[in-house]
Amino acid sequence: QVQLVESGGGLVQPGGSLRLSCAASGSISSAYVMSWYRQAPGKQRELVATITSSGRTNYVDSVRGRFTISRDNAKNTVYLQMNSLKPEDTAVYYCKGRRLDIYTGDYWGQGTQVTVSS
């Protein structure tokens, strides 16, 4: 059992930065693939960034070069550094974990609101 709690969202101006954190109640070892998703009102939930157990990262094209996903397994925490924020980045951001060695289903956080506006 792993519970995920996101934090760090808020209101920022266009061009600003935010750092989201996803804290896990249990250990997130190299067996976990961690991702950030986002969902704007009336829109589908979108995969934003993923960091695999091998450290490979992937990003949706719209955030590549602006966002950075990272993880600190010792702190059981995943981060999403968001720079050069745009109004279209406004969404609820969710952390998701998936264990690869055994099936447990996906773990989801409750989400944190990011609003980019003047």
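Basis for what follows: all heavy atoms, side chains included, without hydrogens, waters or symmetry-related copies.
For Arg99, the salt bridge (Lys or Arg N to Asp or Glu O under 4.0 Å) partners are Asp101, not counting sequence neighbours. A search for ring pair (Phe, Tyr, Trp, His ring centres under 6.0 Å) contacts involving Tyr37 returns Trp108, not counting sequence neighbours. With sequence neighbours left out, the side chain to side chain donor-acceptor pair (under 3.5 Å) criterion links Ser54 to Thr52. Here Arg45 pairs with nothing under the salt bridge (Lys or Arg N to Asp or Glu O under 4.0 Å) rule; sequence neighbours left out. Considering only residues two or more places apart in sequence or on other chains, Thr50 meets the side chain to side chain donor-acceptor pair (under 3.5 Å) condition with Ser35.
Under a cut-off of 6.0 angstrom, the local environment of CD in Gln39 is crowded, with over 12 non-hydrogen atoms contributed by other residues, nucleotides or ligands. Other residues, nucleotides and ligands contribute only 12 or fewer heavy atoms inside 6.0 Å of the CZ atom of Arg98. Within 6.0 Å of atom CD in Gln44, 12 or fewer heavy atoms from other residues, nucleotides or ligands are found, so the atom counts as exposed in its surroundings.
Legend: disulfide (SG to SG under 2.5 Å) pairs involving residues 8-118, not counting sequence neighbours, sorted by first then second residue: Cys22-Cys95. Every pair tested for disulfide (SG to SG under 2.5 Å) that includes a residue from residues 28-85 fails, sequence neighbours excluded, so the list is empty. A side chain to side chain donor-acceptor pair (under 3.5 Å) check over residues 7-24, counting only residues at least two apart or in different chains, returns the pairs Ser17-Asn83. Every pair passing salt bridge (Lys or Arg N to Asp or Glu O under 4.0 Å) that includes a residue from residues 30-40 is listed here, sequence neighbours excluded: Arg38-Glu46, Arg38-Asp89. Screening residues 69-78 for salt bridge (Lys or Arg N to Asp or Glu O under 4.0 Å) gives no qualifying pairs among residues at least two apart or on separate chains.
The main-chain N or O of Gln110 is found under 3.5 Å from a side-chain atom of Glu6 such that the two form a donor-acceptor pair.
Contact between Ser53 and Val33 at its shortest, heavy atoms only, is N-CG2, 4.0 Å.
Taking Ile, Leu, Val, Met, Phe, Trp and Tyr as members and joining any whose side-chain heavy atoms lie under 4.5 Å apart, directly or through other members, the hydrophobic cluster of Val63 also contains Val2, Leu4, Val12, Leu18, Leu20, Ile28, Tyr32, Met34, Trp36, Val48, Ile51, Tyr59, Val60, Phe67, Ile69, Val78, Leu80, Met82, Leu85, Tyr93, Tyr107, Val114, Val116. Listed by chain and number, the hydrophobic cluster partners of Leu11 come to none, as no ILVMFWY side chain reaches under 4.5 Å of it.
Considering OG of Ser27 and CG of Asn73, their distance stands at 7.0 Å, rounded to 0.5 Å.
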